[in-house]
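Scroll down for the structure; my scribbles are underneath it.
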Amino acid sequence: MTQEQQQTKESAPTGRDSPQRRSIKSFVLRQSHMTPAQQRAIDQLWPQFGVDFQAAPLDLNSVFQRAQAKILEIGFGMGTATAEIAARLPEKDFLAIDVHGPGVGNLLKLIQERELTNIRVMRHDAVEVVEHMLADASLDGIHIFFPDPWHKKRHHKRRLIQAPFVAKLLPKLKSSGYIHLATDWEEYARQMLDVLQGFTELTNSAADFATTPDYRPETKFEARGKRLGHGVWDLVFIKK
Ligand SMILES: C[S@@+](CC[C@H](N)C(=O)[O-])C[C@H]1O[C@@H](n2cnc3c(N)ncnc32)[C@H](O)[C@@H]1O
């Protein structure tokens, strides 16, 4: 059995009404090459900047050792945009989550190179982190930039931005906190708009799609999309 078949088998639903029915499986872990520098960054910097998964709420102020605004980023990829945003917004703290090992190593390397102190990194399924580790009203913002679009219709169930997951995310935001999404896939952008507009506790900061906020630089995935001729759609909604 290939690794992909194994993943698919493991993620088979256990039945619509079963309490064990698993939540979204939004990624497939592929074998990818970790450079020696990325591995070294993990070996040396994880104790200082890494956060291990635990099935209990995390005290974010004690993790960052200060009581500044806390932003969650889901799916940082190689972490280049994450490091740039953290450098632009030194007064905010960023909990950055991805499952991709080389990206985790790369972000840790960027933290060291840029001497950033306001990022902590998790290598885990963000869905589980949201479900088990984040206290209600603990976040000032949520960034999800270019989540995997899962283009094929039969894969749409793997998309992160669906009402059931957003319903789990929103209680983690404080009142006046924001959720900022971006995508280069127009049909997913419309789905994102429909999903967020369905929550009465959210207000759209724009008429529909937002102008890209100044703090968000171009991400790696966005640059790739633009090379392929894709557009870019940002959405920024505020919690009442
Ligand atoms: C298309 S990439 C975009 C990366 C980056 N935001 C960018 O714009 O370049 C999506 C990323 O989300 C990560 N991802 C998908 N589902 C995830 C989950 N449930 N938990 C953590 N990371 C996830 C993937 O590993 C991948 O790195």
Side-chain angles (χ1 to χ4, degrees), residues 3-4 7-8 10-11 22-34 38 42 50-55 58 71-86 94-110 119-134 139 141-152 155-162 164-169 172 179-189 191-192 212-213 215-228 230-235:
Q3 193 186 14
E4 188 149 345
Q7 291 275 349
T8 311
E10 281 164 6
S11 64
R22 63 157 298 117
S23 39
I24 303 173
K25 177 82 182 189
S26 60
F27 58 90
V28 174
L29 270 185
R30 294 191 175 81
Q31 284 294 0
S32 42
H33 179 68
M34 177 100 70
Q38 289 162 350
I42 292 179
V51 177
D52 291 312
F53 177 76
Q54 60 181 44
L58 186 67
I71 312 295
L72 170 72
E73 180 175 4
I74 296 179
F76 58 78
M78 295 308 279
T80 47
T82 311
E84 180 59 34
I85 294 171
F94 296 86
L95 180 66
I97 310 178
D98 207 297
V99 289
H100 183 237
V104 168
N106 201 60
L107 179 53
L108 289 166
K109 199 162 130 321
L110 292 172
I119 300 178
R120 295 294 179 274
V121 184
M122 289 195 69
R123 183 179 183 177
H124 199 82
D125 182 347
V127 175
E128 288 190 6
V129 175
V130 168
E131 286 174 348
H132 300 288
M133 262 180 98
L134 296 177
L139 299 174
I142 297 171
H143 294 172
I144 309 180
F145 300 148
F146 304 89
D148 296 285
W150 293 109
H151 307 111
K152 293 179 187 159
H155 287 151
H156 284 186
K157 58 181 181 292
R158 287 176 168 273
R159 287 180 171 174
L160 266 182
I161 308 305
Q162 302 183 58
F165 180 57
V166 174
K168 287 179 185 171
L169 260 179
K172 312 302 171 191
I179 176 164
H180 178 182
L181 311 178
T183 182
D184 65 335
W185 194 251
E186 184 166 12
E187 180 264 324
Y188 196 12
Q191 172 172 331
M192 289 175 171
T212 305
Y215 59 76
R216 188 179 78 69
E218 185 177 81
T219 77
K220 263 196 105 154
F221 200 82
E222 175 179 13
R224 177 183 164 276
K226 284 180 178 165
R227 282 197 299 275
L228 295 170
H230 299 176
V232 173
W233 294 268
D234 282 79
L235 300 93

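Just so you know, ligand 1 is whichever comes first in the structure, and atom 1 is the first atom listed for that ligand. For clarity, every value in this text was computed on a predicted model and none was experimentally measured.
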Are any of the N/O atoms on [X], whether in the backbone or the side chain, positioned under 3.5 angstrom from an N/O atom of ligand 1?
X: P147; answer: no
X: D125; answer: yes
X: G75; answer: yes
X: F221; answer: yes
X: H100; answer: no

Taking [X] for its side chain and [Y] for its backbone only, find out whether a donor-acceptor pair lies under 3.5 Å.
X: D184; Y: E222; result: no
X: W233; Y: E186; result: no
X: Y188; Y: I161; result: yes
X: R158; Y: K25; result: yes

Minimum side-chain heavy-atom gap R224-H230 below 4.5 Å =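 In short, these two side chains do not touch, never coming nearer than 4.5 Å.
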
Give me the residue, atom name and distance of the protein heavy atom closest to [atom].
atom: atom 25 (O) of ligand 1; answer: D98 OD1, 2.7 Å
atom: atom 20 (N) of ligand 1; answer: A126 N, 2.8 Å
atom: atom 2 (S) of ligand 1; answer: F146 O, 3.6 Å
atom: atom 8 (O) of ligand 1; answer: T219 OG1, 2.6 Å
atom: atom 10 (C) of ligand 1; answer: D148 OD2, 3.5 Å
atom: atom 17 (C) of ligand 1; answer: S26 OG, 3.4 Å

query = From K157 NZ over to Q162 CD, what is the distance, rounded to the nearest 0.5 angstrom?
reply =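 Here the rounded value is 10.0 Å.
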
task = Return the orientation label for the H143 and F94 ring planes: parallel under 30°, perpendicular over 60°, tilted otherwise.
result =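 Geometry flag for F94 against H143: tilted rings.
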
K25 to ligand 1, any heavy atom closer than 4.0 Å =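 Contact absent.
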
ask   = Out of V127, I144, L160, which one pairs with L169 under the side chain to side chain contact (heavy atoms under 4.5 Å, CB included) rule?
value =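 It is I144; the other options fail the test.
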
message = Using the salt bridge (charged side-chain N to carboxylate O under 4.0 Å, His left out) criterion, which residues pair with D234? Sequence neighbours excluded.
response =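 For D234 the salt bridge (charged side-chain N to carboxylate O under 4.0 Å, His left out) partners, ignoring immediate neighbours, are R216.
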
query = Of all the atoms in ligand 1, which lie at a distance below 4.0 Å from a heavy atom belonging to H124?
reply =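 Close to H124: 20 (N), 21 (C).
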
